[in-house]
Each structure stands twice: as structure tokens, then as C-alpha cells.
Amino acid sequence: MTAPEGTRPTRSGPSTGRGGDRRPVRPPLDRPRRAAYEAVAAVHRDDAFANLVLPIILREEGLFGRDAAFATELTYGTLRHLGTLDAILTDAAGRDVARIDPPVRDALRLGAYQLLHTRVPAHAAVSSTVDLVRSVAPGATGFANAVLREVSSRDADAWVAKLAPPMETDPVGHLALAYSHPQWIVRAFSEALGGDLGETERLLIEDNERPPVHLCARPGLIDPVELADQVGGAPGAFSPYAVYLPGGSPGDIPAVVDGRAHVQDEGSQLVATALADAPLDGPDGRWLDLCAGPGGKAGLLGALAAQRGARVTAVEVAEHRARLVSLATRDLPVAVLTMDGREVGGDPKLPEQHFDRVLVDAPCTGLGSLRRRPESRWRRQPSDLPPLTRLQRELLGAALRAVRPGGLVAYVTCSPHTVETHVTVTEAARRSGVAVDFVDARPLLPAGMPGLGDGPTVQLWPHRHGTDAMFLAVLRRG
């Protein structure tokens with residue numbers, strides 16, 4: 001990507017003024033901090049996604065190893081802690097952070113994160129951030145220096161103690177500022193956890209941790225123990241196909257390159273496997289993935305189908321995501337259709353009462369994967385829910401039309417919000433016009449998994465299971 005004007009530092013070589021006089025020039029900005037700044041700025045300026053834009057910037061800057069890891073930590077850490085950092089910067093600056101020019105604001109956020117959440121010495125965090133401000137807004141260096149020195153006067157806990165409302169009188173407000181989540185998300189998490197504020201706090205803490213990379217060893221193509229040995233990782237705790245990657249770039253792993261494995265959160269593996277392994281009477285050769293992009297679950301289902309003599313129809317409405325599904329399922333018994341999954345019964349390629357197993361991995365707020373996409377917590381709003389839940393109900397209704405009598409539908413979201421989970425699935429089943437029975441999903445997950453609740457649906461959690469917060473409901477059509 002091309003950085004916007006004013007975000008690149010000036011050249012570091014000697015400068016010659018009029019008459020040939022040499023003027024001193026400050027040393028160049030260190031590349032990891034510059035890369036982190038450009039990534040954070042792109043997220044806020046262009047609505048970019050950090051997981052997409054940061055790898056491009058790292059390649060452009062030629063950063064690898066420790067430098068790339070430091071830039072990644074600065075980028076993701078700043079985005080995760082953004083709400084709290086902004087509250088602290090507002091207090092330290094004596095003005096609302098929204099009134100600070102965006103280039104300076106993003107630089108200050110990076111500096112404050114280093115001061116409060118890393119082992120970078122305070123003098124290095126301040127001086128490097130002032131150098132960064134000098135390169136993007138030269139007139140603001142004095143302001144930046146003063147603000148950061150004020151930030152450095154307290155540690156993170158002391159700032160929270162000063163700025164957060166008391167836990168006793170405003171627990172949601174306190175947790176939101178202490179753990180950098182919007183209040184409406186804290187409230188939604190608490191409701192989904194039965195109002196347990198202690199467990200809500202543990203979830204928020206986990207949301208701010210760097211998540212591990214999980215690989216899926218595709219069944220029939222590579223054994224997970226073999227894959228773990230190849231990458232120096234460990235088999236997953238719950239999914240029989242999961243491998244925990246200790247570090248490095250997954251795209252460089254030979255098994256990923258040749259399609260024997262793919263990157264996939266263990267929770268996503270569990271919900272897809274639950275559908276594939278659920279007991280089913282009658283024929284079992286026609287499976288449907290109704291919202292297949294970008295193809296992780298379709299890839300796992302396709303590998304399982306290949307072992308069982310089944311075939312998967314993968315539906316994706318967006319052309320570019322359908323292409324990703326095709327790439328993810330190459331050489332597997334998967335047919336990809338670029339169309340709207342709600343067209344079941346209105347298109348001969350998606351007939352009613354035809355499929356034996358149907359997966360609805362519905363579009364959702366993504367509140368269950370905030371560890372991996374920290375900017376999402378600041379972009380999502382409660383107003384996003386009505387159109388999403390309407391779409392979710394329509395897709396689940398289409399799935400219930402597509403499945404044969406006696407067949408199974410798995411409704412999955414990567415969100416624990418009760419409106420997207422229990423309310424959506426209950427309403428869609430009620431409105432479907434067909435007889436529907438809820439199947440207890442708990443026995444469909446590995447024995448010994450803790451904290452699966454009272455059934456029949458299952459909610460996974462980062463702080464309980466180490467997975468994204470995946471919701472699973474399994475329905476059998478009467």
C-alpha cells in the first residue's frame with residue numbers, strides 16, 4: 001500500500017542547504033514503529049482491517065522476525081486497548097481526543113500503549129513517539145512530548161483507578177474502561193454469561209490477549225500429530241483435527257500450501273465437526289454449506305465428506321469470497337455456487353427438502369472473535385443488530401426448507417449476543433412453518449469439555465475453552 005502524504009519520515013542522509021552548507025538531520029524513524037503507525041492509521045483513516053493491511057506493510061518495510069513481531073504487537077495492542085488509551089489521552093491532553101489531529105492522535109495512541117503495556121523504557125517510548133509526530137505533524141512535537149510525559153506519570157492501573165467509574169455503582173462502565181470494550185458489548189457479554197460479572201471480567205481480559213494460531217489438519221489428508229511434529233506445535237485440546245502453532249507464518253507451512261491443512265480456530269472446527277458427526281437416520285450423501293465464504297468450514301466438511309462418500313454444495317453470495325471457497329476446497333468433493341442462500345426453492349441448484357446435513361454459518365457481528373479482529377469492537381454498533389438478525393432468520397429459514405425430513409441443520413454464529421443466538425434460532429424455527437426439534441448439541445462435542453451449559457445449544461468462550469465465542473444450535477426437521 002502507499003502511505004498517505006506526510007506519514008513517511010524524511011530521508012536520513014545529510015542535507016545541503018543554499019550555498020552547500022550541511023544541516024543536521026535527525027536519524028530515521030525505526031521501521032517497526034513506523035509500520036505500526038501506518039497500520040493503525042490505515043485502520044482509522046480507511047476502515048482497513050489490521051489483519052489484511054499489516055502484512056502488506058511489513059513486506060513493504062522488509063520486516064521479519066523480532067521487528068515484525070514488535071510491529072504486530074504495537075498494532076494489535078493499540079487497537080485492543082484503544083478505548084482506554086483514548087480516555088487516558090483525553091485526560092492527559094486536557095482536551096477530547098477527538099479534537100486532536102488524526103495523525104498526531106494515532107501516534108500518541110502508539111506511544112501511550114508502549115508506556116502502559118510494554119517493557120519499552122519510558123524515555124524510549126516518549127522520544128520515539130515524538131520523532132514519529134515530527135515526521136507526520138512537525139508543529140505538534142511539543143504538545144506530544146507534554147502529553148506523553150503526563151501519561152507516563154501513572155501506570156495503567158493507576159489511570160484506571162482515576163478514570164473508571166466505581167465497580168460498586170457502575171460495573172459495566174468500570175469494566176468497559178478498565179478492559180477497553182464499548183459498554184454495549186460488555187452488557188451483551190454479561191447477559192450471555194447470566195449476569196456473572198466476575199466471569200464477564202475474565203472474558204474481557206482474555207479478549208485483550210493475543211490469540212494463538214490454530215491449524216486444522218484435514219482428515220484423511222494429514223494426521224494432526226504428524227502436522228504438530230512438522231510445525232513444532234501441539235495437538236489441540238478439544239478438536240481431533242486442531243494443532244496449535246507456536247509461531248511463524250502459517251502461509252509458509254508446506255501442509256497449508258498444498259491443502260492438507262488450513263488455518264482455522266478450534267471452535268470453528270468443533271461446530272463443523274458436530275454437524276458432520278451428529279447421528280442421522282437415512283441417506284447421508286448430500287451436505288450443504290449455505291454461507292460458505294471464505295471456506296474454512298467448507299474445507300473441513302469437504303475432507304470429511306470425501307472419507308464418507310458424501311458431497312458438499314457450498315453457497316456464497318459474494319464472488320470474491322466464492323473464489324476463496326473454491327481455492328480452499330480444491331481437490332475435495334465440493335461444488336461451489338455463487339448465489340444467495342436464501343434462494344432455496346427458487347433455484348433448481350438449491351432444491352427444497354434435498355440435503356441431509358446443512359450448515360448455516362450466519363453473517364453476524366463477530367463479537368466472538370474480538371481477540372483476532374480488535375478493531376471490530378469499535379466499529380460495531382447496536383444498530384447493526386436488526387438487519388443482521390433479520391438476515392440470520394431468513395438464512396436459517398432457507399436451511400430448514402433445504403433439509404430433508406429427518407435431516408439436520410446446524411446454526412452457527414461467531415457471536416455470543418443473545419439476540420443473534422437464542423432469539424434468532426428460536427424465532428426462525430417458529431416462523432419456518434415446518435416441524436423442528438432441537439438436538440442436544442453437548443454430546444456432539446468432545447467428552448470432558450467444560451462449561452457447555454444446560455443445552456440444548458452450546459456457547460463456546462475464549463476464557464473457558466480457548467476458542468472464539470462460537471454458538472451452535474442443531475435442529476432436526478420433522
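Atoms considered below: every heavy atom in the structure, side chains included; atoms not considered: hydrogens, waters and symmetry mates.
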Would you check, one step at a time, whether the test side-chain contact (heavy atoms from CB on, under 4.5 Å) holds for Phe70 with Val120?
CA-CA 11 Å; Phe70 183 52; Val120 174; 4.1 Å; yes

Exactly one of Asp252, Ile253, Asp258 clears side-chain contact (heavy atoms from CB on, under 4.5 Å) with Val256, and that residue is Ile253

Pick out which of Leu472, Val474, Leu275 makes a side-chain contact (heavy atoms from CB on, under 4.5 Å) with Val412.
Leu472

Criterion side-chain contact (heavy atoms from CB on, under 4.5 Å) on Leu108 and Val97, from CA distance to verdict
CA-CA 10 Å; Leu108 289 175; Val97 73; over 6 Å; no

Value rounded to 0.5 Å, distance of [atom1] in [X] from [atom2] in [Y]:
X: Gln114; Y: Thr118; atom1: CD; atom2: OG1; value: 5.5 Å
X: Arg371; Y: Ser376; atom1: CZ; atom2: OG; value: 13.5 Å
X: Thr84; Y: Leu89; atom1: OG1; atom2: CG; value: 11.0 Å
X: Leu175; Y: Leu197; atom1: CG; atom2: CG; value: 6.5 Å
X: Arg311; Y: Leu288; atom1: CZ; atom2: CG; value: 13.5 Å
X: Leu301; Y: Leu332; atom1: CG; atom2: CG; value: 10.5 Å

My understanding is that only residues two or more places apart in sequence, or in another chain, count here; which of them pass ring-ring contact (aromatic ring centres under 6.0 Å, His included) with [X]?
X: His214; result: Tyr244
X: Phe189; result: none
X: Tyr179; result: none

Can Leu337 and Thr313 be said to form a side-chain contact (heavy atoms from CB on, under 4.5 Å), step by step?
CA-CA 7 Å; Leu337 302 180; Thr313 299; 3.7 Å; yes

Does the side chain of Asn208 come under 3.5 Å of the side chain of His81 through a donor N or O and an acceptor N or O?
no

Is it true that the side chains of Glu319 and Thr338 contain a donor and an acceptor less than 3.5 Å apart?
no

side-chain hydrogen bond (donor to acceptor under 3.5 Å, both in side chains) partners of [X], counting only residues at least two apart:
X: Thr426; answer: none
X: Tyr241; answer: none
X: Glu73; answer: Tyr113
X: Thr273; answer: none

Considering only residues two or more places apart or on different chains, which pairs with a residue in [range] satisfy salt bridge (charged side-chain N to carboxylate O under 4.0 Å, His left out)?
range: residues 173-198; value: none
range: residues 282-294; value: Asp284-Arg357
range: residues 448-465; value: Glu199-Arg464

Between the main-chain N or O of [Y] and the side-chain N or O of [X], is there a donor-acceptor pair closer than 3.5 Å?
X: Gln269; Y: Leu215; answer: yes
X: Ser190; Y: Val186; answer: no
X: Arg477; Y: Leu400; answer: yes
X: Arg342; Y: Glu394; answer: no
X: His422; Y: Thr418; answer: no
X: Gln353; Y: Arg401; answer: no
X: Arg377; Y: Arg80; answer: yes
X: Thr389; Y: Thr424; answer: no
X: His465; Y: Thr467; answer: no
X: Asp265; Y: Asp468; answer: yes

Lys/Arg N to Asp/Glu carboxylate O, [X] vs [Y], below 4.0 Å:
X: Asp361; Y: Lys297; answer: yes
X: Glu427; Y: Arg431; answer: yes
X: Arg34; Y: Glu61; answer: yes
X: Asp347; Y: Lys349; answer: no
X: Glu316; Y: Arg321; answer: yes

Qualifying side chain to side chain donor-acceptor pair (under 3.5 Å) pairs, either residue in residues 218-233, two or more places apart:
Arg218-His262, Glu226-Gln230

Taking the six-membered ring of Phe49 as reference, does the NZ or CZ atom of Arg373 fall below 6.0 Å from its centre and within a 45° cone about the axis?
yes

Give every donor-acceptor pair under 3.5 Å between a side-chain atom in residues 362-369 and any protein atom, sequence neighbours left out.
from   : atom 1 : to     : atom 2 : distance (Å)
Thr365 : OG1    : Ser415 : OG     : 3.3
Thr365 : OG1    : Glu420 : OE2    : 2.5
Ser369 : OG     : Gly366 : O      : 3.2

Would you say Arg430 has more than 12 foreign heavy atoms packed within less than 6.0 Å of its CZ?
yes

Scanning both residues in full, the closest heavy-atom pair of Ala35 with Leu54 reads O-CD1, 4.5 Å

Give the intermediate values and the outcome of salt bridge (charged side-chain N to carboxylate O under 4.0 Å, His left out) for residues Asp277 and Arg308.
CA-CA 11 Å; Asp277 291 347; Arg308 303 178 190 181; 2.7 Å; yes

Verify side-chain contact (heavy atoms from CB on, under 4.5 Å) between Leu270 and Leu460, making sure each step is shown before the conclusion.
CA-CA 10 Å; Leu270 289 168; Leu460 302 179; 4.1 Å; yes

